[in-house]
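All values below were derived from every heavy atom in this structure, side-chain atoms included, with hydrogens, water molecules and symmetry-related copies excluded. Letters A, B, ... are given to chains in the order of the sequence lines, protein chains preceding strands, and every chain is numbered from 1.
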There are 4 protein chains.
Amino acid sequence: MASNKYEEITKAAVMLFERKGYHATSVQDIADEVGLQKGSLYHYITSKEDLLMQLAHRSISEFNGQMEEILKNASLTNRERLHLAIENHLKYVTKNVQLTTVLLREAFSLGEDQHQVIQDLTDKYLNLWTQVIEQGIAAGEFRPVHARITALSILGSINWVYRWYKEGGKLTASDISKLYSDLFLDGIENR
Amino acid sequence: MASNKYEEITKAAVMLFERKGYHATSVQDIADEVGLQKGSLYHYITSKEDLLMQLAHRSISEFNGQMEEILKNASLTNRERLHLAIENHLKYVTKNVQLTTVLLREAFSLGEDQHQVIQDLTDKYLNLWTQVIEQGIAAGEFRPVHARITALSILGSINWVYRWYKEGGKLTASDISKLYSDLFLDGIENR
Amino acid sequence: MASNKYEEITKAAVMLFERKGYHATSVQDIADEVGLQKGSLYHYITSKEDLLMQLAHRSISEFNGQMEEILKNASLTNRERLHLAIENHLKYVTKNVQLTTVLLREAFSLGEDQHQVIQDLTDKYLNLWTQVIEQGIAAGEFRPVHARITALSILGSINWVYRWYKEGGKLTASDISKLYSDLFLDGIENR
Amino acid sequence: MASNKYEEITKAAVMLFERKGYHATSVQDIADEVGLQKGSLYHYITSKEDLLMQLAHRSISEFNGQMEEILKNASLTNRERLHLAIENHLKYVTKNVQLTTVLLREAFSLGEDQHQVIQDLTDKYLNLWTQVIEQGIAAGEFRPVHARITALSILGSINWVYRWYKEGGKLTASDISKLYSDLFLDGIENR
DNA sequence: TATGAATGAGGATTCATTCAT
DNA sequence: AATGAATGAATCCTCATTCAT
């Protein structure tokens, strides 16, 4: 399972799913990429769909893992938590644009059951973000905004980044996360 | 072109593309939905891909149209423009969730050339948003933020709405747009 | 039947069948060419195949007609008959390259029964040629060659012309028929 | 490529293309003939059209090969060359009537580009024939005929043979080639 | 005469997956 | 572990023809 070859296949799949999309990527394409015959691939993978599932699952799990770390850390204010959450998320997205794209754009192609699993993990991620905001409001750090909508709003914003971020652009992940943190904390109004 | 039947087909396609995705929707599915033979469909459409193209094009054009109206209106402050832009966008998204989903999720399945056309219109939309923010900064209405990134951020946020909005939920489009406007103008920090 | 429109359709069909081949020509193509709707065409034609049949039949009939004239003319020697046959055939081919092409290249696409009709007429044509040669041999005008093979040989030669003849080339039908007559009468050997 | 199965498919295709024509032969027909599923065929072939292309190419190449051999052989007079050319051509046609039919009748169904390739090879073949005649004229072996037209004439004649030759008929390829050589060298006139 | 909607069968091709070797 | 032949279902699309208006 965790063999070298499997990781190779995984990488090829991420790359191809991102570039061409899940449906437009054939098992043959993946086989070609790793220098194997189509049939041989099935020694390593269960199915094309399962490959997608593994990738999506890995990605959302890592997002959740990061967020749980942040919430566990008792020494942080919620303002710091939010800032860190944004930074971590954007760092992950920018360092793993392809994988993030697979999660955010392609997971929908999973069968219903599999897709639900990913959906649940995604909901959980949203809940963790909501929690930070709720805590911040309770602590008087944040204004009494609608926590869930705010979480959805921020997440939408930073998820969207996979759509335009290009490696080697002018802005680093840090730059971007500063801009986003600023925006969501202060807004753009000139006071 | 604008025949009754074509609109019927269009509606069926929007519905199916949204529910199952473009690739998972067969021409047969669409034909079944409108009660026509598969072959008969081709009296109205050029190809399945063209159908997708028409839908995506219609959608992004309407987004652009709205935004151009706003920019043309000289009696508005840029603060008002931004507010209106958010409101219009969200109203369109919530009133046409399926169509918006087709634009935002499925347009990627278009062939390269067609996709580029949509991409260009999408870029144009981004530029119009950027313009509002730049003007607002110049006029001293907004803080000197990074206009383009801010536009991307807000657009990401409100585009994301198609992913979670359900008709008949507690929040109306107006409610949501008020929350979003607030957020992007003032941020959440408690000052 | 013999209406103006039918002739128009006939001309369009000849042109298209020659240019693209019978199978690659759709009824739509023909309709477009005459500025009619596909359905309207069926007021004039029975079927696409029948259209082909009419064309092939007309062509081979005219070939046969010419040849019968020649044989009926008692004042001709068989040498003259052969010369005239070659000339007439080549004049017809060069003046009606498209129609000849349809006969010689596309008639094969007819259904078995229809094709047999054309085949029979073609066989008849061969017989008429054979007759001229046989008569010429009997009369001592020609050497005692194998009449049928010789007829096939000459016919092959002059039928082939539709494959390379281009209107407006250097050689006229008369030029070509002189060269061919010469060749088949005298051969190329230098004596 | 040169696998057993591919040759089997090739043979089935030749047979079917000859019998029914390229267009009237479905991939299903070919699959049935070799006892494979339609889809399985695509392990061996690229497309139906490519199959046709391979066959046409093989055939015209062999014609050209034969002719080049003849021209290379310095010990032959041009009279002998012409005789040999006719004999070789007819032997090939009669031994491979089906394949020759595919070349001469069906190659036209190739797409433009592919067809041009075959056309070019066919033109080359014509040039080789023209060369023999030109050389013969220069050497005083042949009368000063129009070399190209003469080549076209002879080639037309012997190509036509695929249209009437039936295996097991009275005349062998040798018989036929003797008759044709005679005809083209001496003509039919009784002197 | 002309339309154009509708048919329904047929066609080439793709593709994920299986399995004997 | 690897192959590659084979499957069989699915997919998009074309097209000659019919027919009500």
Atom [atom1] of [X] and atom [atom2] of [N]: how far apart are they, to the nearest Å?
X      : N       : atom1 : atom2 : answer
K48(B) : dT13(E) : NZ    : C1'   : 15 Å
Y6(D)  : dG4(F)  : OH    : P     : 18 Å
H43(A) : dC19(E) : NE2   : C1'   : 10 Å
D29(C) : dT17(F) : CG    : C1'   : 16 Å
Q37(B) : dG10(E) : CD    : P     : 14 Å
E8(B)  : dA5(E)  : CD    : P     : 13 Å
H23(B) : dC12(F) : NE2   : P     : 9 Å
L41(C) : dT18(F) : CG    : P     : 13 Å

- [ ] Can you figure out which of dC15(F), dC13(F), dA6(F) approaches the side chain of K38(B) most closely?
- [x]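 Nearest to the side chain of K38(B) among the choices is dC13(F).
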Open item on the list: Checking contacts here: which listed nucleotide (dA12(E), dA16(E), dT17(F)) is nearest the side-chain heavy atoms of Y42(D)?
Closed with: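 Closest nucleotide to the Y42(D) side chain: dA12(E).
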Task: 5' precedence on DNA chain F between Q28(C) and G35(A) (nearest-nucleotide basis) - done: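 It is G35(A), whose closest nucleotide lies nearer the 5' terminus.
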TODO: Could you check S40(A) against K5(D) and say which one's nearest nucleotide on DNA chain F is further toward the 5' end?
DONE: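 Checking each residue's closest nucleotide, the 5'-ward one belongs to S40(A).
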- [ ] Assess whether side chain to side chain contact (heavy atoms under 4.5 Å, CB included) is satisfied between S61(C) and N64(C), documenting all intermediate values.
- [x] CA-CA 5 Å; S61(C) 296; N64(C) 271 317; 5.6 Å; no
- [ ] Look at all strands and tell whether T25(B) reaches a base, only sugar-phosphate, or nothing, counting heavy atoms closer than 4.0 Å.
- [x]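 Sugar-phosphate contact only.
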Task: 5' precedence on DNA chain E between Y22(D) and L36(C) (nearest-nucleotide basis) - done: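 The residue mapped nearer the 5' terminus is L36(C).
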TODO: Could you pick out which residue, V27(D) or G39(A), lies toward the 5' side of DNA chain E when each is mapped onto its nearest nucleotide?
DONE: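 Looking at the nearest nucleotide for each, V27(D) comes out on the 5' side.
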Task: Residue-phosphate contact under 4.0 Å: Y44(D) side-chain N/O, dA6(F) OP1/OP2 - done: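 Yes, such a contact exists.
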Task: Distance-only polar pair, side chains of E8(C) and N4(C), donor-acceptor under 3.5 Å - done: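 No pair is found: no donor N or O on one side chain lies under 3.5 Å from an acceptor on the other.
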TODO: Name the pairing partner of dT14(F), where a pair is Watson-Crick or G-U wobble with both distances under 3.5 Å, or state none.
DONE: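 For dT14(F), the partner nucleotide comes out as dA9(E), under the 3.5 Å rule.
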Open item on the list: Could you tell me the Watson-Crick or G-U partner of dT21(E), where both distances fall under 3.5 Å? Say none if there is no partner.
Closed with: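 Partner of dT21(E): dA2(F).
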Task: Within the 6.0 Å centroid threshold, strictly below: Y6(B) and Y44(B) - done: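 When the ring centroids of Y6(B) and Y44(B) are compared, they turn out to be at least 6.0 Å apart.
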Open item on the list: Does K124(A) qualify as a cation-pi partner of F63(A), given the criterion of NZ or CZ under 6.0 Å from the six-membered ring centre and within 45 degrees of its axis?
Closed with: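 No, K124(A) does not lie over the aromatic ring of F63(A).
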Task: Cation over ring face, R105(C) and F108(D), 6.0 Å, 45° - done: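 The answer is yes, since R105(C) meets both limits relative to F108(D).
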